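Quick notes on the structure that follows.
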Amino acid sequence: MTYSLRFAGLEQEDRINTNSKRALWAKCFVINSWDEWVGADRLLKWSEENLQKQAILKKQGADKNPKSGRSTQSKPKSSTEARADKEDLRNHVGRSKKRKVESGMEEKDAVSANKHVKILIPSTLKKQLLDDCEYVTQLGKLVKLPRSPCVDDIMTKYLDYKTKKDVAITESITEILKGLRTYFDKALPVMLLYKKELQQYQEAIEDNKSPSAVYGAEHLLRLFVKLPEILAHANIDEETLTQLLQNLHDFLKFLQKSQSTFFLSTYDVSSQGVEASSMEEDD
């Protein structure tokens, strides 16, 4: 059914302009008889053509639902009129189905875009992150590269640790670690390095080496700070995401358990050369 829509409540003191208020009404307008929220995509423009369609649909609704005690007698329609009515109805139904499909897709995309992902980092590892930031940004100290154990080594140790408990999960854990390694290698130069570390990265990653073979737990831990943002935009269904987050939390516990082995207690490399190079470039 098509309804006429009137906009009410537009007082002079309203600071919202008319167009904005109409958009708001269109988004929140309720059809009382169906309790259905109607979006702007389902509202038709006020035109002679749409008014005619409304009249046709109203007439068809009245014919199908006659009031009790009254007879509905009407003149028989010509074949041309009948065909026109059927065509209008067919077009209306087609557009309605299309709008429902598009609305469903938009809704799915909106849910995906607004997906909330949270990774809980243990308190001792949070302190590790703070110390890491202070060493690089305040004290001008960098992690000596290549690191041992490197990210690849840590992931191998984690796989061994998990498969000793349950061999059946080897394949699933391997896939998760493979994805985590890919995220690390891609994200490191883009979002995991401080400015003072960029020159070191360019010198350390040579001959197509992967960052996961050069960097260690210090930089891997930084990835977990960025992962919620990355995963929120990834095309992952809710069930898979929940399982993935469980495994990521378990991996963090593994890092925490071996924190003294995987992480440096102090950074040795000075970043003064990098700072001087940055100043020259700025000049």
Side-chain angles (χ1 to χ4, degrees), residues 119 121-167 169-227 230 244 247-275 277-278:
I119 294 178
I121 299 176
S123 57
T124 57
L125 294 183
K126 285 182 179 178
K127 184 179 184 304
Q128 186 77 46
L129 285 165
L130 292 173
D131 291 344
D132 173 54
C133 178
E134 183 179 0
Y135 275 125
V136 179
T137 62
Q138 303 298 319
L139 302 179
K141 299 292 185 179
L142 306 182
V143 173
K144 185 177 181 179
L145 300 177
R147 281 286 285 117
S148 180
C150 64
V151 170
D152 286 342
D153 295 334
I154 293 171
M155 290 186 176
T156 299
K157 291 178 183 293
Y158 178 71
L159 181 62
D160 292 341
Y161 164 74
K162 294 297 291 183
T163 52
K164 282 180 182 177
K165 293 184 175 182
D166 187 359
V167 180
I169 65 173
T170 301
E171 185 176 352
S172 61
I173 296 297
T174 300
E175 284 300 311
I176 291 171
L177 293 176
K178 182 180 177 182
L180 192 62
R181 182 184 290 108
T182 300
Y183 275 137
F184 179 79
D185 287 341
K186 297 288 186 182
L188 181 75
V190 178
M191 60 176 67
L192 302 184
L193 295 177
Y194 293 106
K195 184 178 179 181
K196 295 179 180 181
E197 297 175 304
L198 294 177
Q199 183 175 330
Q200 184 192 41
Y201 168 80
Q202 293 172 358
E203 295 172 354
I205 304 301
E206 298 176 333
D207 302 325
N208 294 322
K209 281 185 179 179
S210 64
S212 56
V214 177
Y215 287 81
E218 297 78 18
H219 291 80
L220 176 60
L221 185 57
R222 295 181 194 177
L223 175 65
F224 282 83
V225 178
K226 296 292 186 180
L227 268 179
I230 296 172
L244 175 60
N247 283 279
L248 292 177
H249 285 132
D250 186 72
F251 186 83
L252 283 171
K253 289 179 182 178
F254 175 74
L255 289 181
Q256 183 186 31
K257 186 177 180 180
S258 303
Q259 189 167 350
S260 61
T261 303
F262 292 155
F263 293 87
L264 292 173
S265 58
T266 185
Y267 297 179
D268 300 322
V269 180
S270 172
S271 64
Q272 289 181 353
V274 178
E275 288 179 348
S277 176
S278 299

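Everything numeric here is computed off the predicted structure, so don't read it as measured data.
The salt bridge (Lys or Arg N to Asp or Glu O under 4.0 Å) check on K141 picks up nothing, with sequence neighbours excluded.
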Stepwise side-chain contact (heavy atoms from CB on, under 4.5 Å) check, I230 with M191: CA-CA 11 Å; I230 296 172; M191 60 176 67; 4.1 Å; yes
Audit row: L188, L193, side-chain contact (heavy atoms from CB on, under 4.5 Å) steps and yes/no: CA-CA 6 Å; L188 181 75; L193 295 177; 3.8 Å; yes
Verdict with reasoning, T163 to I173, per side-chain contact (heavy atoms from CB on, under 4.5 Å): CA-CA 9 Å; T163 52; I173 296 297; 5.8 Å; no
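Among all heavy-atom pairs drawn from Y158 and N247, the shortest one is OH-O, 3.8 Å. Residues L145 and A204 share a closest heavy-atom pair of CD1-CB, 3.9 Å. Scanning all heavy atoms of the two residues, the minimum distance from E218 to L264 falls at OE2-N, 2.8 Å. The two atoms that bring K196 and T137 nearest to each other are NZ-O, 3.1 Å, heavy atoms only. When every heavy atom of F262 is checked against every heavy atom of R147, the shortest pair comes out as O-NH2, 2.8 Å. Considering all non-hydrogen atoms of both residues, C150 and V214 come closest at CB-N, 4.3 Å.
Dense packing is recorded around CD of E206, with more than 12 heavy atoms of other residues, nucleotides or ligands lying under 6.0 Å away.
Here ring-ring contact (aromatic ring centres under 6.0 Å, His included) pairs that include residues 124-149, with residues two or more places apart or in two chains, are Y135-Y267. For the salt bridge (charged side-chain N to carboxylate O under 4.0 Å, His left out) condition, the pairs that include at least one residue of residues 122-138, sequence neighbours left out, are K127-D131, D132-R222. Residue pairs meeting the salt bridge (charged side-chain N to carboxylate O under 4.0 Å, His left out) criterion with at least one member in residues 252-262, sequence neighbours excluded, do not occur. For residues 186-216, the ring-ring contact (aromatic ring centres under 6.0 Å, His included) pairs, not counting sequence neighbours, are Y215-H219.
Put simply, the side chain of D250 reaches to within 4.5 Å of the side chain of K162, judged on heavy atoms. Side-chain contact between F254 and K157 is present, with heavy atoms from C-beta onward closer than 4.5 Å. Using a 4.5 Å heavy-atom cutoff, the side chains of L220 and L192 are not in contact. At least one side-chain heavy atom of L252 sits under 4.5 Å from a side-chain heavy atom of P122. No side-chain heavy atom of L129 sits under 4.5 Å from any side-chain heavy atom of F224.
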Donor-acceptor contacts under 3.5 Å from residues 174-181 side chains, at least two apart:
from, atom 1, to, atom 2, distance (Å)
T174, OG1, T170, O, 2.6
R181, NE, D152, OD1, 2.7

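A distance-only check finds no donor-acceptor pair linking the side chain of E197 to the backbone of V143 [under 3.5 Å]. A donor-acceptor distance shorter than 3.5 angstrom exists from the side chain of D185 to the backbone of S212, with no hydrogens or angles considered.
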